[in-house]
Protein chains: 2
Amino acid sequence: MTINEISANRCFGGVQGVYSHESRATGTQMTFAVFAPEQTMDGPVPVLWYLSGLTCTHENAMVKAGAQGLAAKHGIMLVFPDTSPRGEGVPDDPDGAYDFGLGAGFYVNATQQPWAKHYRMYDYIVSELPDILAEYFAADMDRQAITGHSMGGHGALTIALKTPGQFKSVSAFSPIVSPMNCPWGHKALGGYLGEDRNAWAEHDACALVGQAAERLPLLVDQGDADGFLAEQLKPELLQQACERAGHPLILRMQEGYDHSYFFISTFICDHMDWHAKALKQ
Amino acid sequence: MTINEISANRCFGGVQGVYSHESRATGTQMTFAVFAPEQTMDGPVPVLWYLSGLTCTHENAMVKAGAQGLAAKHGIMLVFPDTSPRGEGVPDDPDGAYDFGLGAGFYVNATQQPWAKHYRMYDYIVSELPDILAEYFAADMDRQAITGHSMGGHGALTIALKTPGQFKSVSAFSPIVSPMNCPWGHKALGGYLGEDRNAWAEHDACALVGQAAERLPLLVDQGDADGFLAEQLKPELLQQACERAGHPLILRMQEGYDHSYFFISTFICDHMDWHAKALKQ
(Lines give C-alpha, C1' and ligand atoms only; values in the text may rest on other atoms or scores of the structure.)
Protein backbone atom coordinates (compact mmCIF):
# COMPACT_ATOMS: atom_id res chain seq x y z
CA MET A 1 0.00 0.00 0.00
CA THR A 2 1.22 3.52 -0.78
CA ILE A 3 -0.18 6.93 -0.01
CA ASN A 4 0.13 10.09 -2.08
CA GLU A 5 0.70 13.50 -0.59
CA ILE A 6 -1.75 15.93 -2.18
CA SER A 7 -0.66 18.97 -0.19
CA ALA A 8 1.43 19.92 2.82
CA ASN A 9 1.26 23.28 4.56
CA ARG A 10 3.30 24.41 7.52
CA CYS A 11 0.85 25.23 10.30
CA PHE A 12 1.48 26.05 13.96
CA GLY A 13 4.99 24.63 13.73
CA GLY A 14 3.74 21.33 12.33
CA VAL A 15 2.43 20.17 8.97
CA GLN A 16 -1.18 20.09 7.75
CA GLY A 17 -1.16 17.46 5.04
CA VAL A 18 -3.75 15.96 2.70
CA TYR A 19 -3.23 12.45 1.38
CA SER A 20 -4.92 9.93 -0.90
CA HIS A 21 -4.68 6.17 -1.23
CA GLU A 22 -6.42 3.20 -2.81
CA SER A 23 -8.67 1.83 -0.09
CA ARG A 24 -9.17 -1.89 0.34
CA ALA A 25 -12.20 -1.21 2.55
CA THR A 26 -14.15 0.93 0.10
CA GLY A 27 -12.57 -0.16 -3.17
CA THR A 28 -12.11 3.48 -4.11
CA GLN A 29 -9.50 6.16 -3.81
CA MET A 30 -9.92 7.84 -0.42
CA THR A 31 -8.65 11.22 0.73
CA PHE A 32 -7.82 12.15 4.31
CA ALA A 33 -6.02 14.93 6.14
CA VAL A 34 -3.53 14.73 8.99
CA PHE A 35 -2.15 17.51 11.15
CA ALA A 36 1.22 16.36 12.46
CA PRO A 37 2.42 18.65 15.25
CA GLU A 38 6.07 19.61 15.67
CA GLN A 39 6.36 17.08 18.51
CA THR A 40 6.32 14.27 15.92
CA MET A 41 9.95 15.21 15.24
CA ASP A 42 10.72 13.61 18.61
CA GLY A 43 8.65 10.47 18.12
CA PRO A 44 5.07 9.21 17.96
CA VAL A 45 2.34 11.39 19.45
CA PRO A 46 -1.25 10.59 20.46
CA VAL A 47 -4.00 10.79 17.84
CA LEU A 48 -7.37 12.52 17.84
CA TRP A 49 -9.84 11.46 15.17
CA TYR A 50 -12.31 14.04 13.93
CA LEU A 51 -15.28 12.55 12.05
CA SER A 52 -17.23 15.06 10.00
CA GLY A 53 -20.89 15.49 9.28
CA LEU A 54 -23.23 15.25 6.32
CA THR A 55 -21.95 16.87 3.09
CA CYS A 56 -18.42 17.26 4.49
CA THR A 57 -15.13 15.96 3.15
CA HIS A 58 -11.76 15.76 4.94
CA GLU A 59 -11.54 19.50 4.38
CA ASN A 60 -14.26 21.18 6.42
CA ALA A 61 -12.93 20.63 9.92
CA MET A 62 -9.34 20.95 8.74
CA VAL A 63 -10.09 24.46 7.53
CA LYS A 64 -12.83 25.67 9.85
CA ALA A 65 -12.63 24.00 13.29
CA GLY A 66 -9.53 25.84 14.46
CA ALA A 67 -8.11 22.71 16.09
CA GLN A 68 -4.51 22.82 14.86
CA GLY A 69 -3.25 25.47 17.26
CA LEU A 70 -4.57 23.50 20.21
CA ALA A 71 -3.22 20.23 18.81
CA ALA A 72 0.18 21.89 18.47
CA LYS A 73 0.01 23.05 22.07
CA HIS A 74 -0.92 19.59 23.34
CA GLY A 75 1.28 17.61 20.94
CA ILE A 76 -1.64 15.71 19.42
CA MET A 77 -2.01 14.48 15.84
CA LEU A 78 -5.34 15.27 14.17
CA VAL A 79 -6.90 12.96 11.59
CA PHE A 80 -9.72 14.15 9.33
CA PRO A 81 -11.18 11.32 7.20
CA ASP A 82 -13.66 11.77 4.39
CA THR A 83 -17.32 10.95 5.08
CA SER A 84 -18.00 8.47 2.27
CA PRO A 85 -16.43 6.73 -0.67
CA ARG A 86 -16.38 8.82 -3.85
CA GLY A 87 -15.48 8.50 -7.50
CA GLU A 88 -16.58 6.69 -10.61
CA GLY A 89 -18.84 3.74 -9.93
CA VAL A 90 -19.82 4.86 -6.43
CA PRO A 91 -23.62 5.12 -6.29
CA ASP A 92 -25.24 8.22 -4.83
CA ASP A 93 -28.68 8.99 -3.49
CA PRO A 94 -31.04 8.58 -6.47
CA ASP A 95 -32.40 12.09 -5.88
CA GLY A 96 -29.01 13.58 -5.11
CA ALA A 97 -30.12 14.33 -1.55
CA TYR A 98 -27.45 15.50 0.89
CA ASP A 99 -28.32 12.99 3.60
CA PHE A 100 -27.56 9.69 1.86
CA GLY A 101 -24.84 8.41 -0.45
CA LEU A 102 -21.92 10.71 -1.23
CA GLY A 103 -20.86 12.69 1.82
CA ALA A 104 -23.18 10.64 4.00
CA GLY A 105 -21.57 7.27 4.76
CA PHE A 106 -22.82 7.24 8.35
CA TYR A 107 -19.76 5.22 9.46
CA VAL A 108 -21.37 1.84 8.78
CA ASN A 109 -20.61 -1.14 6.53
CA ALA A 110 -23.52 -1.28 4.11
CA THR A 111 -25.10 -4.69 3.62
CA GLN A 112 -27.67 -3.69 0.99
CA GLN A 113 -27.12 -3.30 -2.75
CA PRO A 114 -25.98 -1.22 -4.51
CA TRP A 115 -24.29 0.29 -1.43
CA ALA A 116 -22.52 -2.76 0.00
CA LYS A 117 -19.67 -2.74 -2.50
CA HIS A 118 -18.19 0.66 -1.59
CA TYR A 119 -19.97 2.07 1.47
CA ARG A 120 -17.78 0.46 4.14
CA MET A 121 -16.86 3.47 6.21
CA TYR A 122 -16.90 1.54 9.50
CA ASP A 123 -14.10 -0.75 8.38
CA TYR A 124 -12.31 2.16 6.81
CA ILE A 125 -12.25 4.20 10.01
CA VAL A 126 -11.82 1.40 12.53
CA SER A 127 -9.36 -0.79 10.69
CA GLU A 128 -7.81 0.49 7.47
CA LEU A 129 -6.99 4.12 8.25
CA PRO A 130 -5.46 3.21 11.64
CA ASP A 131 -3.12 0.83 9.80
CA ILE A 132 -2.09 3.66 7.50
CA LEU A 133 -1.48 6.03 10.39
CA ALA A 134 0.63 3.42 12.14
CA GLU A 135 2.68 2.79 9.01
CA TYR A 136 3.15 6.25 7.54
CA PHE A 137 2.86 8.73 10.42
CA ALA A 138 4.47 9.27 13.81
CA ALA A 139 1.23 8.20 15.50
CA ASP A 140 1.12 6.48 18.87
CA MET A 141 -1.77 4.11 18.19
CA ASP A 142 -1.92 3.11 21.86
CA ARG A 143 -3.16 6.61 22.62
CA GLN A 144 -6.17 7.45 20.46
CA ALA A 145 -9.19 9.67 21.08
CA ILE A 146 -12.19 10.42 18.88
CA THR A 147 -14.61 13.26 18.29
CA GLY A 148 -16.94 14.39 15.54
CA HIS A 149 -19.78 16.63 14.47
CA SER A 150 -23.40 15.71 13.73
CA MET A 151 -23.23 12.50 11.62
CA GLY A 152 -19.58 12.45 12.69
CA GLY A 153 -20.62 12.81 16.33
CA HIS A 154 -22.76 9.72 15.78
CA GLY A 155 -19.68 8.07 14.28
CA ALA A 156 -17.44 9.04 17.18
CA LEU A 157 -19.89 7.88 19.85
CA THR A 158 -20.81 4.59 18.19
CA ILE A 159 -17.27 3.66 17.16
CA ALA A 160 -15.92 4.39 20.65
CA LEU A 161 -18.74 2.37 22.23
CA LYS A 162 -18.20 -0.56 19.84
CA THR A 163 -14.42 -0.80 20.29
CA PRO A 164 -13.69 -0.97 24.03
CA GLY A 165 -10.06 -0.24 24.79
CA GLN A 166 -9.44 1.46 21.45
CA PHE A 167 -9.96 5.05 22.60
CA LYS A 168 -8.88 6.90 25.72
CA SER A 169 -11.62 9.50 25.35
CA VAL A 170 -14.60 10.42 23.20
CA SER A 171 -16.57 13.59 22.61
CA ALA A 172 -19.05 14.95 20.12
CA PHE A 173 -20.48 18.19 18.79
CA SER A 174 -24.23 18.14 18.13
CA PRO A 175 -24.26 14.38 17.43
CA ILE A 176 -27.05 12.31 15.95
CA VAL A 177 -27.41 10.32 19.17
CA SER A 178 -30.05 7.86 17.98
CA PRO A 179 -30.37 7.22 14.24
CA MET A 180 -33.08 4.67 15.11
CA ASN A 181 -35.19 7.62 16.20
CA CYS A 182 -34.74 10.35 13.61
CA PRO A 183 -35.41 10.81 9.88
CA TRP A 184 -31.73 11.05 8.90
CA GLY A 185 -31.07 7.78 10.68
CA HIS A 186 -34.10 5.97 9.29
CA LYS A 187 -33.10 6.87 5.76
CA ALA A 188 -29.40 6.07 6.18
CA LEU A 189 -29.61 2.88 8.24
CA GLY A 190 -32.61 1.65 6.29
CA GLY A 191 -30.76 2.24 3.04
CA TYR A 192 -27.38 0.87 4.01
CA LEU A 193 -28.46 -1.91 6.42
CA GLY A 194 -31.98 -2.85 5.33
CA GLU A 195 -35.09 -3.16 7.42
CA ASP A 196 -33.70 -5.25 10.31
CA ARG A 197 -33.70 -2.89 13.27
CA ASN A 198 -31.32 -5.17 15.18
CA ALA A 199 -28.70 -4.20 12.62
CA TRP A 200 -29.53 -0.54 13.19
CA ALA A 201 -29.08 -0.93 16.94
CA GLU A 202 -25.45 -1.84 16.30
CA HIS A 203 -24.96 1.74 15.12
CA ASP A 204 -27.11 3.66 17.56
CA ALA A 205 -25.28 5.34 20.45
CA CYS A 206 -28.35 5.19 22.69
CA ALA A 207 -28.70 1.44 22.12
CA LEU A 208 -24.99 0.77 22.44
CA VAL A 209 -24.55 2.68 25.67
CA GLY A 210 -26.72 0.13 27.49
CA GLN A 211 -24.34 -2.71 26.67
CA ALA A 212 -21.00 -0.87 26.67
CA ALA A 213 -18.08 -2.98 27.92
CA GLU A 214 -16.33 0.09 29.30
CA ARG A 215 -17.70 3.24 30.86
CA LEU A 216 -15.82 5.84 28.82
CA PRO A 217 -17.27 9.23 29.80
CA LEU A 218 -19.03 11.03 26.93
CA LEU A 219 -18.54 14.79 26.48
CA VAL A 220 -21.26 16.27 24.26
CA ASP A 221 -21.77 19.92 23.32
CA GLN A 222 -25.07 20.86 21.72
CA GLY A 223 -26.28 24.30 20.68
CA ASP A 224 -29.81 25.06 21.75
CA ALA A 225 -30.43 27.17 18.62
CA ASP A 226 -29.47 24.25 16.35
CA GLY A 227 -32.13 23.91 13.67
CA PHE A 228 -31.75 20.10 13.68
CA LEU A 229 -32.06 19.75 17.45
CA ALA A 230 -35.66 18.62 17.90
CA GLU A 231 -36.14 16.45 14.84
CA GLN A 232 -32.73 14.87 14.22
CA LEU A 233 -30.34 15.23 17.16
CA LYS A 234 -32.42 14.72 20.31
CA PRO A 235 -29.69 14.78 22.96
CA GLU A 236 -32.30 14.01 25.61
CA LEU A 237 -32.43 10.45 24.27
CA LEU A 238 -28.73 10.04 25.04
CA GLN A 239 -29.20 11.57 28.44
CA GLN A 240 -32.00 9.09 29.22
CA ALA A 241 -30.01 6.14 27.87
CA CYS A 242 -26.94 7.09 29.91
CA GLU A 243 -29.05 7.50 33.03
CA ARG A 244 -30.61 4.07 32.50
CA ALA A 245 -27.21 2.47 31.89
CA GLY A 246 -25.29 4.37 34.53
CA HIS A 247 -22.99 5.61 31.79
CA PRO A 248 -21.12 8.87 32.53
CA LEU A 249 -22.22 11.76 30.29
CA ILE A 250 -21.40 15.43 30.30
CA LEU A 251 -24.06 17.04 28.11
CA ARG A 252 -23.65 20.77 27.74
CA MET A 253 -26.47 22.72 26.11
CA GLN A 254 -24.90 25.88 24.72
CA GLU A 255 -27.24 28.84 24.65
CA GLY A 256 -27.77 30.53 21.30
CA TYR A 257 -25.41 28.28 19.32
CA ASP A 258 -26.39 26.59 16.07
CA HIS A 259 -25.11 23.66 14.00
CA SER A 260 -22.29 25.54 12.25
CA TYR A 261 -18.52 25.50 12.50
CA PHE A 262 -18.77 28.81 14.36
CA PHE A 263 -20.21 26.69 17.19
CA ILE A 264 -17.52 24.03 16.89
CA SER A 265 -14.65 26.51 16.78
CA THR A 266 -16.00 28.14 19.94
CA PHE A 267 -15.87 24.94 21.99
CA ILE A 268 -13.09 22.95 20.29
CA CYS A 269 -10.68 24.22 22.96
CA ASP A 270 -12.64 22.47 25.71
CA HIS A 271 -12.70 19.24 23.70
CA MET A 272 -8.98 19.40 22.99
CA ASP A 273 -8.32 19.90 26.71
CA TRP A 274 -10.61 16.97 27.50
CA HIS A 275 -8.83 14.65 25.09
CA ALA A 276 -5.34 15.90 25.99
CA LYS A 277 -5.97 15.08 29.63
CA ALA A 278 -7.05 11.52 28.79
CA LEU A 279 -4.29 10.97 26.23
CA LYS A 280 -1.53 12.03 28.58
CA GLN A 281 -2.47 9.58 31.32
CA MET B 1 -29.39 53.55 3.77
CA THR B 2 -30.34 50.15 5.13
CA ILE B 3 -28.42 46.94 5.57
CA ASN B 4 -29.73 43.39 5.33
CA GLU B 5 -28.65 40.62 7.64
CA ILE B 6 -27.81 37.55 5.55
CA SER B 7 -26.76 35.34 8.44
CA ALA B 8 -25.93 35.53 12.13
CA ASN B 9 -24.17 32.77 14.06
CA ARG B 10 -23.31 32.78 17.72
CA CYS B 11 -19.53 32.46 17.97
CA PHE B 12 -17.25 32.77 20.99
CA GLY B 13 -19.99 34.49 22.97
CA GLY B 14 -20.54 37.10 20.26
CA VAL B 15 -22.17 37.11 16.84
CA GLN B 16 -20.59 36.43 13.47
CA GLY B 17 -22.85 38.17 11.01
CA VAL B 18 -22.94 38.64 7.25
CA TYR B 19 -24.66 41.69 5.79
CA SER B 20 -25.43 43.26 2.44
CA HIS B 21 -26.30 46.77 1.37
CA GLU B 22 -26.59 48.96 -1.72
CA SER B 23 -23.26 50.73 -1.96
CA ARG B 24 -23.06 54.35 -3.08
CA ALA B 25 -19.31 53.94 -3.66
CA THR B 26 -19.48 50.98 -6.03
CA GLY B 27 -23.04 51.33 -7.29
CA THR B 28 -23.58 47.64 -6.55
CA GLN B 29 -24.84 45.48 -3.76
CA MET B 30 -21.91 44.78 -1.43
CA THR B 31 -21.55 42.02 1.16
CA PHE B 32 -19.45 42.22 4.30
CA ALA B 33 -19.04 40.31 7.54
CA VAL B 34 -18.73 41.58 11.10
CA PHE B 35 -17.80 39.69 14.23
CA ALA B 36 -19.30 41.57 17.17
CA PRO B 37 -17.87 40.30 20.45
CA GLU B 38 -19.94 39.95 23.59
CA GLN B 39 -18.42 43.17 24.92
CA THR B 40 -20.60 45.13 22.45
CA MET B 41 -23.46 44.48 24.89
CA ASP B 42 -21.78 47.03 27.15
CA GLY B 43 -21.07 49.64 24.48
CA PRO B 44 -18.89 50.36 21.47
CA VAL B 45 -15.67 48.37 21.07
CA PRO B 46 -12.58 48.97 18.93
CA VAL B 47 -12.55 47.74 15.34
CA LEU B 48 -10.02 45.67 13.40
CA TRP B 49 -10.36 45.65 9.62
CA TYR B 50 -9.24 42.54 7.77
CA LEU B 51 -8.73 43.10 4.03
CA SER B 52 -8.57 39.90 2.00
CA GLY B 53 -6.50 38.84 -0.95
CA LEU B 54 -7.05 37.96 -4.59
CA THR B 55 -10.05 35.68 -5.28
CA CYS B 56 -11.42 36.12 -1.75
CA THR B 57 -14.80 37.39 -0.61
CA HIS B 58 -15.85 38.49 2.90
CA GLU B 59 -15.95 34.80 3.73
CA ASN B 60 -12.40 33.43 3.54
CA ALA B 61 -10.88 35.09 6.58
CA MET B 62 -14.17 34.89 8.49
CA VAL B 63 -14.10 31.11 8.15
CA LYS B 64 -10.40 30.26 8.01
CA ALA B 65 -8.28 32.83 9.89
CA GLY B 66 -9.35 31.78 13.38
CA ALA B 67 -9.53 35.38 14.57
CA GLN B 68 -12.89 35.38 16.39
CA GLY B 69 -11.69 33.67 19.55
CA LEU B 70 -8.91 36.20 19.97
CA ALA B 71 -11.24 39.10 19.12
CA ALA B 72 -13.63 37.83 21.80
CA LYS B 73 -10.79 37.70 24.32
CA HIS B 74 -9.67 41.24 23.51
CA GLY B 75 -13.14 42.71 22.99
CA ILE B 76 -12.44 43.77 19.41
CA MET B 77 -14.89 43.90 16.50
CA LEU B 78 -13.70 42.30 13.26
CA VAL B 79 -14.76 43.59 9.85
CA PHE B 80 -14.29 41.48 6.71
CA PRO B 81 -15.16 43.42 3.53
CA ASP B 82 -15.42 41.91 0.07
CA THR B 83 -12.51 42.44 -2.34
CA SER B 84 -14.35 43.93 -5.31
CA PRO B 85 -17.76 44.98 -6.56
CA ARG B 86 -19.81 42.10 -7.98
CA GLY B 87 -23.07 41.51 -9.76
CA GLU B 88 -24.78 42.25 -13.03
CA GLY B 89 -23.08 44.96 -15.03
CA VAL B 90 -19.78 44.75 -13.18
CA PRO B 91 -17.04 44.08 -15.75
CA ASP B 92 -14.51 41.34 -15.12
CA ASP B 93 -11.08 40.54 -16.52
CA PRO B 94 -11.64 39.84 -20.24
CA ASP B 95 -9.86 36.49 -19.86
CA GLY B 96 -11.46 35.70 -16.51
CA ALA B 97 -8.06 35.84 -14.82
CA TYR B 98 -8.00 35.71 -11.02
CA ASP B 99 -5.77 38.76 -10.61
CA PHE B 100 -7.94 41.50 -12.09
CA GLY B 101 -11.61 42.41 -11.96
CA LEU B 102 -13.90 40.36 -9.75
CA GLY B 103 -12.20 39.45 -6.49
CA ALA B 104 -9.30 41.74 -7.31
CA GLY B 105 -10.28 45.33 -6.62
CA PHE B 106 -6.85 46.24 -5.22
CA TYR B 107 -8.40 48.82 -2.87
CA VAL B 108 -8.18 51.67 -5.39
CA ASN B 109 -10.68 53.95 -7.12
CA ALA B 110 -10.42 53.07 -10.79
CA THR B 111 -10.10 56.00 -13.19
CA GLN B 112 -10.11 54.01 -16.43
CA GLN B 113 -13.12 52.67 -18.34
CA PRO B 114 -14.91 50.33 -18.05
CA TRP B 115 -13.69 49.95 -14.45
CA ALA B 116 -14.24 53.46 -13.11
CA LYS B 117 -18.00 53.10 -12.67
CA HIS B 118 -17.94 50.30 -10.08
CA TYR B 119 -14.36 49.57 -9.01
CA ARG B 120 -14.15 52.11 -6.18
CA MET B 121 -12.92 49.95 -3.35
CA TYR B 122 -10.77 52.68 -1.81
CA ASP B 123 -13.77 54.90 -1.15
CA TYR B 124 -15.79 51.89 -0.07
CA ILE B 125 -13.28 50.84 2.59
CA VAL B 126 -12.11 54.28 3.72
CA SER B 127 -15.39 56.14 3.70
CA GLU B 128 -18.61 54.21 3.11
CA LEU B 129 -18.18 51.08 5.19
CA PRO B 130 -16.90 53.05 8.22
CA ASP B 131 -20.11 55.11 8.06
CA ILE B 132 -22.13 51.89 8.10
CA LEU B 133 -20.20 50.51 11.04
CA ALA B 134 -20.72 53.74 12.95
CA GLU B 135 -24.44 53.74 12.24
CA TYR B 136 -25.41 50.07 12.61
CA PHE B 137 -22.84 48.48 14.92
CA ALA B 138 -21.44 49.09 18.40
CA ALA B 139 -18.14 50.18 16.85
CA ASP B 140 -15.86 52.75 18.47
CA MET B 141 -14.63 54.47 15.31
CA ASP B 142 -12.04 56.41 17.28
CA ARG B 143 -10.20 53.15 17.84
CA GLN B 144 -9.57 51.38 14.54
CA ALA B 145 -6.79 49.07 13.38
CA ILE B 146 -6.21 47.39 10.04
CA THR B 147 -4.63 44.22 8.70
CA GLY B 148 -4.85 42.11 5.59
CA HIS B 149 -3.40 39.34 3.48
CA SER B 150 -1.56 39.56 0.15
CA MET B 151 -3.57 42.06 -1.97
CA GLY B 152 -5.32 42.85 1.33
CA GLY B 153 -1.96 43.38 3.00
CA HIS B 154 -1.26 45.91 0.28
CA GLY B 155 -4.65 47.43 1.06
CA ALA B 156 -4.00 47.59 4.79
CA LEU B 157 -0.53 49.16 4.44
CA THR B 158 -1.50 51.70 1.80
CA ILE B 159 -4.78 52.74 3.41
CA ALA B 160 -3.12 53.17 6.81
CA LEU B 161 -0.29 55.19 5.26
CA LYS B 162 -2.74 57.38 3.30
CA THR B 163 -5.04 58.20 6.22
CA PRO B 164 -2.88 59.47 9.09
CA GLY B 165 -4.73 59.44 12.39
CA GLN B 166 -7.36 56.97 11.16
CA PHE B 167 -5.75 53.79 12.53
CA LYS B 168 -4.01 53.03 15.81
CA SER B 169 -2.07 50.12 14.32
CA VAL B 170 -1.46 48.29 11.07
CA SER B 171 -0.14 44.87 10.17
CA ALA B 172 -0.07 42.58 7.16
CA PHE B 173 0.36 38.95 6.19
CA SER B 174 2.45 38.36 3.05
CA PRO B 175 1.51 41.76 1.55
CA ILE B 176 2.12 42.98 -1.97
CA VAL B 177 4.45 45.72 -0.72
CA SER B 178 5.10 47.41 -4.06
CA PRO B 179 2.57 46.96 -6.86
CA MET B 180 4.75 49.30 -8.95
CA ASN B 181 7.34 46.54 -8.94
CA CYS B 182 5.50 43.27 -9.53
CA PRO B 183 3.34 41.71 -12.28
CA TRP B 184 0.14 41.65 -10.19
CA GLY B 185 0.56 45.35 -9.49
CA HIS B 186 1.44 46.32 -13.06
CA LYS B 187 -1.67 44.61 -14.34
CA ALA B 188 -4.01 45.93 -11.64
CA LEU B 189 -2.79 49.52 -11.34
CA GLY B 190 -2.26 49.78 -15.10
CA GLY B 191 -5.79 48.54 -15.69
CA TYR B 192 -7.59 50.53 -13.02
CA LEU B 193 -5.46 53.71 -13.03
CA GLY B 194 -3.94 53.87 -16.51
CA GLU B 195 -0.33 54.38 -17.47
CA ASP B 196 0.54 57.33 -15.21
CA ARG B 197 2.95 55.91 -12.67
CA ASN B 198 2.40 58.91 -10.37
CA ALA B 199 -1.11 57.59 -9.86
CA TRP B 200 0.29 54.15 -9.08
CA ALA B 201 2.65 55.62 -6.47
CA GLU B 202 -0.43 56.75 -4.52
CA HIS B 203 -1.18 53.07 -3.93
CA ASP B 204 2.28 51.66 -3.37
CA ALA B 205 3.30 51.08 0.24
CA CYS B 206 6.99 51.48 -0.55
CA ALA B 207 6.37 54.83 -2.23
CA LEU B 208 3.97 56.02 0.47
CA VAL B 209 6.20 55.15 3.38
CA GLY B 210 8.68 57.82 2.27
CA GLN B 211 6.10 60.57 2.66
CA ALA B 212 4.05 59.23 5.57
CA ALA B 213 2.68 61.93 7.87
CA GLU B 214 2.84 59.62 10.87
CA ARG B 215 5.28 56.87 11.75
CA LEU B 216 2.84 54.07 12.53
CA PRO B 217 4.97 50.93 13.05
CA LEU B 218 4.33 48.20 10.46
CA LEU B 219 4.13 44.56 11.55
CA VAL B 220 4.57 42.20 8.61
CA ASP B 221 4.69 38.40 8.64
CA GLN B 222 5.93 36.66 5.50
CA GLY B 223 6.43 32.94 4.94
CA ASP B 224 9.74 32.10 3.31
CA ALA B 225 8.17 29.15 1.44
CA ASP B 226 5.52 31.41 -0.13
CA GLY B 227 5.39 30.67 -3.86
CA PHE B 228 4.66 34.36 -4.62
CA LEU B 229 7.55 35.69 -2.53
CA ALA B 230 10.21 36.44 -5.12
CA GLU B 231 8.08 37.62 -8.04
CA GLN B 232 5.10 39.37 -6.45
CA LEU B 233 5.59 40.13 -2.75
CA LYS B 234 9.22 41.25 -2.34
CA PRO B 235 9.26 42.25 1.32
CA GLU B 236 12.85 43.38 0.94
CA LEU B 237 11.55 46.41 -1.00
CA LEU B 238 9.51 47.45 2.03
CA GLN B 239 12.48 46.87 4.30
CA GLN B 240 14.64 49.11 2.10
CA ALA B 241 11.95 51.80 1.84
CA CYS B 242 11.42 51.83 5.61
CA GLU B 243 15.15 52.05 6.21
CA ARG B 244 15.43 54.99 3.81
CA ALA B 245 12.47 56.74 5.39
CA GLY B 246 13.29 55.92 8.99
CA HIS B 247 9.89 54.24 9.23
CA PRO B 248 9.52 51.58 11.95
CA LEU B 249 9.02 48.07 10.52
CA ILE B 250 8.91 44.65 12.14
CA LEU B 251 9.35 42.19 9.27
CA ARG B 252 9.26 38.57 10.36
CA MET B 253 10.27 35.94 7.83
CA GLN B 254 8.57 32.72 8.94
CA GLU B 255 10.49 29.60 8.05
CA GLY B 256 8.66 26.99 5.99
CA TYR B 257 5.35 28.87 5.81
CA ASP B 258 3.50 29.47 2.55
CA HIS B 259 0.77 31.85 1.32
CA SER B 260 -2.19 29.92 2.73
CA TYR B 261 -4.60 30.47 5.59
CA PHE B 262 -2.71 27.81 7.52
CA PHE B 263 0.06 30.43 7.71
CA ILE B 264 -2.33 33.21 8.71
CA SER B 265 -4.08 31.16 11.38
CA THR B 266 -0.69 30.32 12.89
CA PHE B 267 0.29 33.96 13.41
CA ILE B 268 -3.08 35.72 13.75
CA CYS B 269 -2.66 35.53 17.54
CA ASP B 270 0.44 37.73 17.42
CA HIS B 271 -1.35 40.24 15.19
CA MET B 272 -4.39 40.35 17.46
CA ASP B 273 -2.12 40.98 20.46
CA TRP B 274 -0.33 43.72 18.49
CA HIS B 275 -3.57 45.48 17.59
CA ALA B 276 -5.17 44.96 21.00
CA LYS B 277 -2.23 46.67 22.67
CA ALA B 278 -2.52 49.70 20.36
CA LEU B 279 -6.31 49.84 20.55
CA LYS B 280 -6.40 49.80 24.32
CA GLN B 281 -4.09 52.80 24.71
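By convention in this document, chain letters (A, B, ...) are assigned in the order of the sequence lines, proteins followed by strands, and residues within each chain are numbered from 1. Heavy-atom basis, side chains included; hydrogens, waters and symmetry copies ignored.
Counting non-hydrogen atoms of neighbouring residues, nucleotides and ligands closer than 6.0 angstrom, the NZ atom of A:Lys234 exceeds 12 such neighbours. By the 6.0 Å contact criterion, NZ on A:Lys280 is enclosed, its count of non-hydrogen atoms from other residues, nucleotides or ligands being greater than 12. Within a 6.0 Å radius of CE in B:Met41, other residues, nucleotides and ligands contribute 12 heavy atoms or fewer. When the shell of 6.0 Å around CD of A:Gln29 is examined, it contains more than 12 heavy atoms from other residues, nucleotides or ligands.
Rounded to the nearest 0.5 angstrom, B:Phe12 CZ and A:Phe267 CZ are separated by 8.5 Å.
For A:Ser260, the part lying under 4.5 angstrom from a heavy atom of chain B is the side chain only. Contact of A:Asp258 with chain B is made through the side chain alone, with heavy-atom distances under 4.5 Å.
Panel note: side chain B:Tyr257, backbone A:Gly13; a donor-acceptor pair is recorded below 3.5 Å.
Chain A forms more heavy-atom pairs under 4.5 Å with one residue of B:Gly69, B:Cys269, B:Gly66, B:Ser265 than with any other, namely B:Ser265.
Closest approach of B:Phe262 and A:Gln68 over heavy atoms only: CE2-NE2, 4.0 Å.
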